[in-house]
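Comments concern the structure below.
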Protein chains: 2
Amino acid sequence: MNASVSTAEAPARGRRTPRASGDERERAILATAERLLGQGSLSEISVEDLAKGAGISRPTFYFYFPSKDAVVLTLVDRMVEEAAVNRASGIAKLAEEPRAGLRLALQASFEVFGSRRAVTLAAAELRATNAEARALWSGVMEGWIADASAVIEAERARGAAPPGLPARDLATALIQMNERAHYATFAGEQPALAEDRLLDVLVDIWMRAIYGADAPA
Amino acid sequence: MNASVSTAEAPARGRRTPRASGDERERAILATAERLLGQGSLSEISVEDLAKGAGISRPTFYFYFPSKDAVVLTLVDRMVEEAAVNRASGIAKLAEEPRAGLRLALQASFEVFGSRRAVTLAAAELRATNAEARALWSGVMEGWIADASAVIEAERARGAAPPGLPARDLATALIQMNERAHYATFAGEQPALAEDRLLDVLVDIWMRAIYGADAPA
DNA sequence: CCAGCGTATCAACACAGTGTCGAGAAAGCC
DNA sequence: GGCTTTCTCGACACTGTGTTGATACGCTGG
């Protein structure tokens with residue numbers, strides 16, 4: 001499954017020493033961040049805002065987190081972990097019921113990221129300026145692509161899918177499509193797919209790209 | 001074709017009064033911006049840097065442009081216009097030679113945006129924080145999607161493509177895929193498609209999504 | 001040939017935000 | 001009750017943005 005990326009190897013993105021009661025403050029900061037992100041974009045939120053929201057002064061904020069970015073990264077980390085857990089079931093089902101299994105697999109991400117839009121959008125915004133955010137997200141994408149490649153190869157091996165593009169290339173483009181389409185929809189971009197159409201559209205394209213034969217001249 | 005979006009209705013994004021010799025300075029600023037963007041990301045460049053690069057002081061910069069963002073927007077505007085011009089030919093060819101025509105159409109964007117990566121990447125970065133950049137890019141996407149929808153519908157009407165997803169939904173997801181895949185490749189993201197594979201992969205998925213029949217159970 | 005007006009320039013300022021330092025309060029614990 | 005560790009914040013230093021007001025520059029018409 002997805003693997004590494006997470007808090008595992010870098011345990012304390014948050015406060016300097018993970019102990020005692022300041023715990024509560026840390027949670028207050030994270031909660032404030034998520035709340036404020038629901039109202040405005042990341043760049044509109046200052047460290048001052050986060051501190052005030054958590055009932056502390058700005059310097060005290062820095063006792064708990066090294067920067068605003070670190071707060072968001074923590075939030076994203078957790079969300080990503082949540083998403084990784086959910087996704088396994090759909091993939092398992094894929095061999096018997098391709099379309100339904102695929103839909104289930106895609107739905108897992110859709111739901112986790114969709115239910116915490118504020119964090120999802122902040123993650124995307126952060127990626128533009130923060131290398132750690134880029135690395136974190138790269139890892140997520142890599143996990144998805146690896147899974148999708150494996151599925152495509154398995155389906156080809158058992159004769160359910162015809163040969164075609166290298167599995168990894170195909171998986172890469174499809175995962176990228178998913179990411180972008182989700183983002184556009186969640187961000188309310190115009191144009192974008194309607195929220196209740198998103199999965200249908202993506203699943204259909206995946207099915208054709210994986211199971212469809214090479215097209216006519 | 002693509003339509004509006006461009007400098008047409010908002011003629012002077014640049015200096016306050018479009019006259020005389022300060023013209024040279026304006027060009028110097030734009031050139032400096034493009035040069036510096038080749039070295040580092042937008043957020044690493046300050047107005048000071050742009051001014052210095054153009055041989056003027058920071059306040060003087062503000063005589064020519066209202067902000068750093070406006071400079072980049074001007075650069076992007078021009079690139080977008082360039083891209084719009086190129087694309088027509090491929091679409092025309094599409095009816096006789098679907099695969100070749102499609103490839104040609106996609107290639108047009110690939111080449112324009114690929115040949116000015118610095119600006120392309122800056123545009124993407126800007127979108128994260130700047131509403132005008134988002135609007136500009138939305139317009140570009142909208143144009144592409146409209147064109148792609150029209151093509152899909154035409155191909156279905158003449159019986160070359162089977163029915164399937166609503167043309168606009170399909171077009172939206174495919175264009176989003178293209179955008180994201182191009183960006184990842186140009187930005188050197190990991191994972192991403194290799195530059196010399198990008199078009200082949202995208203064209204193949206487009207072909208299957210448009211011309212392939214609905215997939216098996 | 002110089003008065004006068006737009007064009008162009010910049011030093012100095014006001015502001016908003018980040019991150020740090022060092023002095024101190026409060027909370028454990030021996 | 002002293003010592004240590006955790007926690008807190010006022011005050012500071014710094015970076016970057018955008019504005020203001022004074023001034024110089026160059027042309028054009030009287």
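Note that the structure is a prediction, hence the values are computed from the model and not measured. Throughout, a chain's letter reflects where its sequence line sits, starting with A, and its residues are numbered from 1.
For B/Arg25, the side-chain atoms get nearest to C/dA8 when compared with the rest of C/dC21, C/dT18, C/dA8. Taking the side chain of A/Lys68 as heavy atoms from C-beta on, and the options C/dT18, D/dG18, D/dG10, the nearest nucleotide is C/dT18. Of all nucleotides listed (D/dG18, C/dT18, C/dT9), D/dG18 comes nearest to the side chain of B/Arg58. The side chain of B/Ile56 approaches C/dC10 more closely than any other nucleotide in the set C/dT20, C/dC10, D/dT6. Among C/dG19, D/dA11, D/dT17, the nucleotide with an atom closest to any side-chain atom of A/Pro59 is D/dA11.
One interatomic measurement links the two molecules: CD of A/Glu26 to C1' of D/dT6, which rounds to 14 Å at whole-angstrom precision. With rounding to whole Å, B/Glu24 atom CD is found 15 Å from C/dT9 atom C1'. The separation between B/Tyr62 atom OH and D/dG16 atom P is 12 Å, rounded to whole Å. Atom-to-atom, CZ of B/Phe65 to P of D/dT19 comes out at 16 Å; the value is rounded to the nearest Å. In this structure, A/Phe63 atom CZ and C/dG19 atom C1' are separated by 16 Å, rounded to whole Å. Atoms CZ (B/Phe61) and C1' (D/dT19) sit 14 Å apart, rounded to a whole Å.
In this structure, A/Ser57 reaches the D/dC9 phosphate: one of its side-chain N or O atoms is under 4.0 Å from OP1 or OP2. Phosphate proximity of C/dA8 to B/Thr60: absent, as no side-chain N or O sits under 4.0 Å from OP1 or OP2. The shortest distance between the side-chain N/O atoms of B/Tyr64 and the OP1/OP2 oxygens of C/dT9 is below 4.0 Å.
Remark: side-chain polar atoms of B/Asp147 are not paired, donor with acceptor, to backbone N or O of B/Trp144 under 3.5 angstrom. A/Glu125 contributes a side-chain N or O that, together with a main-chain N or O of A/Ser43, makes up a donor-acceptor pair within less than 3.5 Å. Checked by atom type and distance alone, the side chain of A/Thr120 pairs as donor or acceptor with a backbone atom of A/Phe113 at under 3.5 Å. Between the B/Thr185 side chain and the B/Ala192 main chain, no donor and acceptor come within less than 3.5 Å of each other.
Applying the salt bridge (Lys or Arg N to Asp or Glu O under 4.0 Å) test to pairs two or more places apart or on separate chains, those with a residue in residues 167-186 of chain A are A/Arg127-A/Glu179, A/Glu142-A/Arg168, A/Asp169-B/Arg197, A/Glu179-B/Arg180, A/Arg180-A/Glu189, A/Arg180-B/Glu179.
Within residues 45-55 of chain A, the residues approaching DNA chain C are A/Ser46, A/Val47, by heavy-atom distance under 4.0 Å.
Considering every non-hydrogen atom in both B/Ile210 and A/Arg208, the closest pair reads O-NH1, 4.2 Å.
Side chains of B/Asp77 and B/Thr74: a donor-acceptor N/O pair is absent below 3.5 angstrom, by distance only.
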